[in-house]
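Just so it is clear: chains get the letters A, B, ... in the order the sequence lines come, proteins before strands, and each one is counted from 1.
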2 protein chains.
Amino acid sequence: MDHARSIQGSDPSGTWGEATAEPRPPRDFGYNGLRRFKPSEDTAPADTSPAPTQHGVPLPKSTNRTSGPNRTGITQVAAHAGVSPATVSNVLNRPELVAEATRTKVQEAISELDYVRNSFGSSLRSGRSTSVGLLVLDVTNPFFAEVARGIEEEAAESGLAVVLLNSAESPERQRRNLRLLAEQRVAGAVVMPVDNDLADLLWLQRQGVHWVALDRGDVPEDVGSSVSVDNREGGLAAGQHLLALGHRRVTFLGGAFAIEQVRLRYEGLRAAFDEAGLDPDEHVELVSLAQLNAHQGERAVDQVLLDSTGRRTRAVFCANDQIALGFMKGLGKRGLRVPEDVSVVGYDDLSVADMVHPGLTTVAQPKYELGRAAMQLLSAQMDGSGAAYERKIFQPRLVMRDSTSALRD
Amino acid sequence: MDHARSIQGSDPSGTWGEATAEPRPPRDFGYNGLRRFKPSEDTAPADTSPAPTQHGVPLPKSTNRTSGPNRTGITQVAAHAGVSPATVSNVLNRPELVAEATRTKVQEAISELDYVRNSFGSSLRSGRSTSVGLLVLDVTNPFFAEVARGIEEEAAESGLAVVLLNSAESPERQRRNLRLLAEQRVAGAVVMPVDNDLADLLWLQRQGVHWVALDRGDVPEDVGSSVSVDNREGGLAAGQHLLALGHRRVTFLGGAFAIEQVRLRYEGLRAAFDEAGLDPDEHVELVSLAQLNAHQGERAVDQVLLDSTGRRTRAVFCANDQIALGFMKGLGKRGLRVPEDVSVVGYDDLSVADMVHPGLTTVAQPKYELGRAAMQLLSAQMDGSGAAYERKIFQPRLVMRDSTSALRD
DNA sequence: AGGCACCCTCAAAACGTTTTAAGCAGAAAC
DNA sequence: GTTTCTGCTTAAAACGTTTTGAGGGTGCCT
């Protein structure tokens with residue numbers, strides 16, 4: 001009856017007390033006092049499952065009974081079916097080895113007792129894991145969300161579960177999480193490395209855990225596999241698009257070249273001008289931001305609007321969609337119209353790019369495919385089939401909407 | 001040079017260019033001359049394990065060996081330190097029982113051999129799991145992303161890993177995933193149920209896996225815990241806001257009352273009118289959508305713009321932000337201004353609500369806190385400490401931005 | 001009848017860890 | 001001098017599964 005009323009400000013930095021990060025003891029998954037519901041005809045008391053709890057009364061939590069009173073395992077199933085545990089295991093894993101009559105008998109026992117395999121025992125003995133890790137930089141980032149979907153889907157098709165970990169851009173947390181993955185003995189991991197330091201990943205490799213690096217094309221091919229998108233190509237496409245529309249001066253909004261991806265997008269833009277016979281130094285402006293978010297994009301409007309020659313900027317290429325949206329918002333507040341007054345190109349093709357007015361022209365990355373490909377490369381490594389490392393580079397694609405138009409005055 | 005480029009964005013089946021760097025022919029496993037540590041160790045030959053073509057029959061699960069022949073385990077550590085395995089285990093789990101001298105000796109051995117605990121053995125014996133499940137309706141949904149962050153963070157503090165599963169709104173997949181969680185013997189699970197049918201969850205409970213339902217307030221409190229946000233309250237707040245601005249007629253955009261949350265938002269809106277002494281039937285219009293996305297929101301503009309009395313609609317409350325954005329886009333295309341011509345209120349406070357122009361007035365939900373709370377309730381259940389089921393209901397909060405203004409004509 | 005080749009089934013031995021209960025000193029109490 | 005106690009250590013027994021090699025049938029071929 002105790003309803004928590006909680007109203008938080010929009011402050012995402014967490015006003016909740018940050019507790020210590022000391023790991024607490026792990027949880028007990030043991031038997032919780034509930035009996036199974038399927039009655040078996042040949043056992044004596046058809047025990048009608050008792051109510052799980054009485055109104056709001058704490059569950060009769062068994063203290064530390066790791067071996068609950070006969071939690072149904074392979075042995076119980078075997079007994080019930082009148083065969084040996086080995087046979088049950090065979091029905092589960094290599095059914096073709098078991099005679100049809102026996103097989104159905106066992107399967108009946110399984111469903112009658114509502115048996116579910118214990119993956120700890122299974123994995124321990126067989127040395128095979130049924131889960132893979134996914135270590136991302138920021139769970140919240142919509143880019144990763146799509147990638148995660150691809151990975152999850154591909155993994156699900158192989159019956160693998162995905163263990164999600166968040167490094168929150170912190171090397172320290174990345175390290176801790178990789179260790180966790182090693183302990184869990186995951187079959188493999190898809191990792192967005194937090195920095196260029198591969199030491200931790202090599203450690204993981206030595207622990208026998210395969211991995212694939214995501215969105216980081218600079219992993220040496222004799223060290224590990226990687227899947228990424230060609231950022232330079234994306235910048236190039238954006239530049240060519242603006243040039244085709246008659247623009248001759250473009251501002252790149254979003255410096256912060258510590259981030260490889262951003263630098264390459266900028267280089268691609270310059271390359272477009274180069275190819276067109278225009279000197280990039282002269283025709284491409286650069287405005288740097290402290291962070292690549294919408295707020296910074298909006299704040300930068302005045303700085304962007306007049307270029308170094310004092311001319312009015314007519315085309316802007318933003319390092320990502322958030323910046324582009326923020327920038328457009330800033331323009332809107334000043335009564336400037338997109339694309340009539342300024343053409344804007346973004347990067348990422350977030351789903352919102354198509355929701356806003358005007359629709360945002362942007363460079364799309366095959367996020368979902370990226371995830372699937374990563375998982376596929378991982379699978380290949382795990383099978384040991386095509387066990388060579390591979391570097392897979394996807395091409396981005398320019399999506400034209402309504403935020404860009406031909407230069408006119 | 002062949003750049004993948006352009007084509008309109010509305011084609012979802014577009015093929016992505018894909019360049020694959022030439023794969024290295026020779027199979028190269030593990031080490032790459034980048035060894036660290038590892039002083040003393042009987043160097044067995046590099047054991048090129050042959051691929052086990054299992055009777056030519058592909059195993060049902062994609063799998064991987066997690067334990068090589070000489071993988072360092074607790075036994076190797078014990079030998080190295082000159083103690084028994086039991087002592088090593090004690091150092092790991094109950095260090096206070098071990099004499100200081102022994103303890104450091106063991107710890108040295110551990111780091112010297114670079115030992116990492118095998119969670120399969122550990123969990124199997126102890127009956128304690130180190131992971132929890134998170135079953136969501138749609139990994140891609142930004143709402144879940146924030147929730148996931150809260151859960152992941154809270155779990156990490158307990159040293160728990162989060163297993164992410166996606167039911168993609170399919171009962172069939174939900175079922176399969178819950179089964180997977182049971183097999184993995186997770187300590188507990190946070191679940192967004194796909195429908196009102198609790199049967200599968202009760203099955204999970206019988207399997208000894210605790211769970212907490214997310215964003216579904218209608219779970220009976222003697223059946224399980226739940227964490228949700230008061231949708232009716234959100235609708236009420238939106239309604240009151242519009243009333244305070246002088247609006248007397250509001251259209252609710254986004255029917256589809258099969259979805260409980262949506263129905264409650266609508267009811268909240270009507271309640272606001274009721275409280276203000278205005279008959280909801282007369283002052284609240286309802287427009288239903290097949291799906292709650294931006295595209296449908298945009299398409300509905302013409303239908304919304306004139307209400308049933310033939311008057312021009314001046315205020316719209318949308319079931320979520322995506323619809324609101326789509327609707328605003330539609331207005332923009334028709335040259336109508338927000339908020340001068342129409343006031344718009346959304347729901348969810350997606351991060352983009354603050355990026356667009358004009359900023360979207362919307363109802364915010366404490367997503368991150370929701371996730372944390374869910375995990376906390378789960379922990380409580382798992383500890384068996386405050387093991388009673390609990391229903392926690394958070395209050396939403398209206399975030400006023402620039403998409404609403406006082407009614408004037 | 002004997003030999004052989006199948007096809008099934010199962011006992012028993014792992015897998016790596018935790019936990020229990022026993023053992024063994026040395027110190028303290030009688 | 002015995003007993004009790006206290007503080008560490010450990011042998012051995014689990015945990016639930018897979019895997020191996022052996023054994024028991026059956027039927028087919030000489």
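- For D:dT19, one of the phosphate oxygens OP1 or OP2 lies less than 4.0 angstrom from a side-chain nitrogen or oxygen of A:Arg128.
- A close approach under 4.0 Å does occur between a side-chain nitrogen or oxygen of B:Ser122 and OP1 or OP2 of C:dT18.
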Every protein N/O lying under 3.5 Å from an N/O of nucleotides 4-8 of chain D:
none

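- Between its two ends, the helix from C:dA1-D:dT30 to C:dC30-D:dG1 turns its axis by 60°, counting five pairs per end and rounding to 10 degrees.
- Every residue was checked against the salt bridge (Lys or Arg N to Asp or Glu O under 4.0 Å) condition with A:Glu100, not counting sequence neighbours, and none meets it.
- The stretch residues 87-94 of chain B touches DNA chain D through B:Thr87, B:Asn90, each having a heavy atom under 4.0 angstrom from the strand.
- In this view, B:Ala148 and A:Val139, B:Leu134 satisfy the side-chain contact (heavy atoms from CB on, under 4.5 Å) rule, not counting sequence neighbours.
- Mapping B:Ala86 and B:Gly121 onto DNA chain D by nearest heavy atom places B:Ala86 at the nucleotide closer to the 5' end.
- Ion pair B:Glu183/B:Arg176 not flagged as a salt bridge, since none of the NZ, NE, NH1 or NH2 atoms sits closer than 4.0 Å to an Asp/Glu carboxylate oxygen.
- When distances run from any side-chain atom of B:Ile74 to the nucleotides C:dT17, C:dT19, D:dT17, the shortest one goes to C:dT17.
- Between the side chain of B:Arg125 and the base of C:dT17 there is no donor-acceptor pair of N/O atoms closer than 3.5 Å.
- The side-chain contact (heavy atoms from CB on, under 4.5 Å) check on A:Glu108 picks up nothing, with sequence neighbours excluded.
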